A.B. asks: 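First the structure, then my questions, so here it is.
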Amino acid sequence: MSTSHPGPADAAATDGAATPTVPRRRIIVASLVGTSIEFYDFYVYATAAISVFPLLFFPKGNDGAAVLASLATFGVAFVARPIGSVLFGHFGDRVGRKATLLGSLLTMGIATFLIGLLPTYQQIGVFAPALLAIMRFAQGLGLGGEWSGAALLATETAAKGKRAWAAMWPQLGAPIGFFFANGLFLVLTLVFGHDSTKPLFDGPFLTWGWRLPFLLSIIIVAIGLYVRIKLEETPVFARAVARGEKVKAPLGEVFRRNWVQVVQGTFIMLATYGVFYLMTTWILSYAIGPTAQGKLGIGYRDFLVLQLVAILFFAAFVPISGWLADRYGRRPTLLVITGLIIVFGFCFSLFLSRDVMGTGANANMGLMLLFLCIGMALMGLTFGPMSAVLPELFPTNTRYTGSGIAYNVASILGAAITPFVADALVQSVGVGWVGAYLAFMGVLTFIALWFTRETRHRDLDTLEDEAATVAVETTSP
């Protein structure tokens, strides 16, 4: 008769330090609240980069050049994010998940608050965009460390067979943060009577009202810190520490042993980032931009209403994707979703060309809403499983660093340059090529998924399939 003998992982699991005593609902709230705050901070900047910063932080003259320059500062954060993933990943794999999550939240929150205090170009000249870029870089550092920590907090405490469902909670922070960021800007434009088509530089919104979303972030950061400070270390990390598996240099270990997984994870995330920032940042620029630049000239306020409605589809499809990934597996679920993203990319001209959409007051708002809802639904479906998929590629002692690098290098390829490239494509060859660009990213993601093994049943302690691990243990002499 075969018997089961406890291994190192079993012994460590009986250790009080490795046994989770924090209620699962608190873990869910901590991961959700933290990422909601981080994405709120990130999207507040993204919204202002289109509607405020080109007017206040760059020299007047060519409006198109000012928008491109503002989008360039937006992209600075994506350069910082891989650096943040290395910095915070080092401490996350060496010290632990909890302390690192607190540090990333503070970094992001303080930088966002300081943006609300910055002087404009009219006050200090070229130092204004320079300071704006520095604060944006700090935002990127914080978010670079935030996502991995929140994802690991969820996955490393998940119930068996429910890892994708548990991991989708921090992903919900993206639509929640986006909703509150854009919703607050909408309220402010209504209260102050701001019209993006006829901006008043001496009006209250452009004088001081735009600063409020940035300044208010310090309050919600304090709430996030309060929630997270009550957490414990994840049991998976505690067991790895008990087994003596910590490494001195997680970054070197990742590139020595897991560089293939870094490449796979980067390209698995590529299409997700592409659709993410086309449907949030670029589409805002295209919709409210002047018709003289080949854009639609829709009022900022009108478009924000459409975007807020569409964000509900984003939020609704994140939990659906978590359920699908647990039920059918990560790989088949994402292959189907990525195929739909490719098809969606080739449909851009059917929705967004000016011949079909119209411009200004004559724009077809119903068609725009349909486009946004489809895109946001696809965002929820592709984004939801990622906080399970990427951590499952890496061992515990380098999981924070490895998953963070893959996630954030993908942000450079799929997000940092995407709004910039898309805006240039619109002005040169038309909006249909923006969709073709998204389809190209989708093809690269599809190929990466095709050559990646399914990880649904992977044991986070051993990186072996759970069924295979049980079989080995039950046949031990």
Side-chain angles (χ1 to χ4, degrees), residues 39-71 73-74 109 111-125 127-129 131-133 135-136 139 177-220 280-293 295-309 311 360-361 363 365 419 423:
F39 279 106
Y40 166 86
D41 289 351
F42 210 70
Y43 289 139
V44 159
Y45 188 101
T47 303
I50 300 298
S51 59
V52 175
F53 296 154
L55 302 174
L56 300 181
F57 283 84
F58 298 92
K60 296 179 181 179
N62 188 325
D63 291 340
V67 171
L68 290 175
S70 182
L71 287 174
T73 66
F74 173 77
T112 304
F113 177 76
L114 290 177
I115 289 174
L117 300 176
L118 290 181
T120 65
Y121 183 86
Q122 295 301 315
Q123 294 170 316
I124 60 170
F127 289 105
L131 290 173
L132 187 64
M135 292 301 104
R136 184 60 174 169
Q139 278 192 319
F178 191 92
F179 184 87
F180 281 104
N182 276 17
L184 185 52
F185 264 105
L186 174 61
V187 169
L188 291 173
T189 59
L190 289 171
V191 170
F192 294 121
H194 174 69
D195 183 354
S196 64
T197 62
K198 300 174 182 178
L200 297 176
F201 287 89
D202 58 351
F205 179 78
L206 289 180
T207 302
W208 60 271
W210 69 269
R211 299 179 184 274
L212 293 178
F214 294 92
L215 298 176
L216 289 174
S217 68
I218 202 69
I219 299 173
I220 55 179
T280 55
T281 303
W282 168 77
I283 190 62
L284 177 62
S285 171
Y286 179 70
I288 73 172
T291 56
Q293 296 176 19
K295 301 179 183 179
L296 300 181
I298 298 172
Y300 176 51
R301 219 175 312 166
D302 294 333
F303 184 77
L304 273 186
V305 173
L306 298 184
Q307 225 174 15
L308 288 172
V309 173
I311 289 167
M365 303 298 274
D423 195 71

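The figures that follow rest on heavy atoms only: side chains count, while hydrogens, waters and symmetry mates do not. In this text the structure is predicted, and so the values were computed from the model without any measurement.
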A.B. asks: Side chains of M135 and L132: closer than 4.5 Å at any heavy-atom pair?
C.D. replies: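 M135 vs L132: side chains apart.
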A.B. asks: Could you measure the distance from the CG atom of L306 to the CG atom of D302? Nearest 0.5 Å is fine.
C.D. replies: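 Answer for the CG-CG pair, L306 versus D302, is 7.5 Å.
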A.B. asks: Flag the pair V44 / I115 as yes when at least one side-chain heavy-atom distance between them is below 4.5 Å, and no otherwise.
C.D. replies: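 With C-beta onward as the side chain, the pair stays apart.
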A.B. asks: With heavy-atom distances below 4.5 Å as the criterion, would you say the side chains of Q307 and I283 are in contact?
C.D. replies: yes
A.B. asks: Taking the side chain from Y40 and the backbone from P213, do they hold a donor-acceptor pair closer than 3.5 Å?
C.D. replies: yes
A.B. asks: Just how far is it from atom CG of L284 to atom CD1 of I298, taken to the nearest 0.5 Å?
C.D. replies: 10.5 Å
A.B. asks: Which atom pair, heavy atoms only, marks the closest approach of L304 to N182?
C.D. replies: CD2-ND2, 3.5 Å
A.B. asks: Passes side chain to side chain contact (heavy atoms under 4.5 Å, CB included), Y286 versus F303? Steps please.
C.D. replies: CA-CA 11 Å; Y286 179 70; F303 184 77; over 6 Å; no
A.B. asks: When rounded to the nearest 0.5 angstrom, what is the spacing between CG in L190 and CZ in R301?
C.D. replies: 5.0 Å
A.B. asks: Shortest non-hydrogen contact from P119 to A128?
C.D. replies: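 For P119 versus A128, the nearest heavy atoms are O-CB, 3.6 Å.
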A.B. asks: Does some side-chain heavy atom of I311 sit less than 4.5 Å from a side-chain heavy atom of L308?
C.D. replies: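 Yes, side chains in contact.
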A.B. asks: For the residue pair F214 and W210, does the interplanar ring angle fall in the parallel (under 30°), tilted (30 to 60°) or perpendicular (over 60°) class?
C.D. replies: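 F214 and W210: perpendicular rings.
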A.B. asks: Is the closest side-chain heavy-atom distance between F113 and L215 below 4.5 Å?
C.D. replies: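 Contact flag for F113/L215 side chains = yes.
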A.B. asks: OG1 of T281 to CG of D423: how many Å apart, nearest 0.5 Å?
C.D. replies: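 Rounded to the nearest 0.5 Å, the OG1-CG separation comes out at 11.5 Å.
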A.B. asks: Do the non-hydrogen side-chain atoms of F205 and F185 ever get within less than 4.5 Å of each other?
C.D. replies: yes
A.B. asks: Output yes when a side-chain donor or acceptor of R211 lies under 3.5 Å from a complementary backbone atom of L118, and no otherwise.
C.D. replies: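 Yes; at least one donor-acceptor contact below 3.5 Å.
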A.B. asks: Quick check: closest heavy atoms across G209 and L188, and the distance to 0.1 Å?
C.D. replies: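 Nearest pair, atom of G209 first, then L188: O-CD1, 3.5 Å.
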A.B. asks: Side chains of I124 and L131: does their closest heavy-atom pair fall under 4.5 Å?
C.D. replies: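 I124 reaches L131 side chain to side chain.
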A.B. asks: Between the side chain of Q139 and the main-chain N/O of A111, is any donor-acceptor distance below 3.5 Å?
C.D. replies: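 Such a contact is absent between Q139 side chain and A111 backbone.
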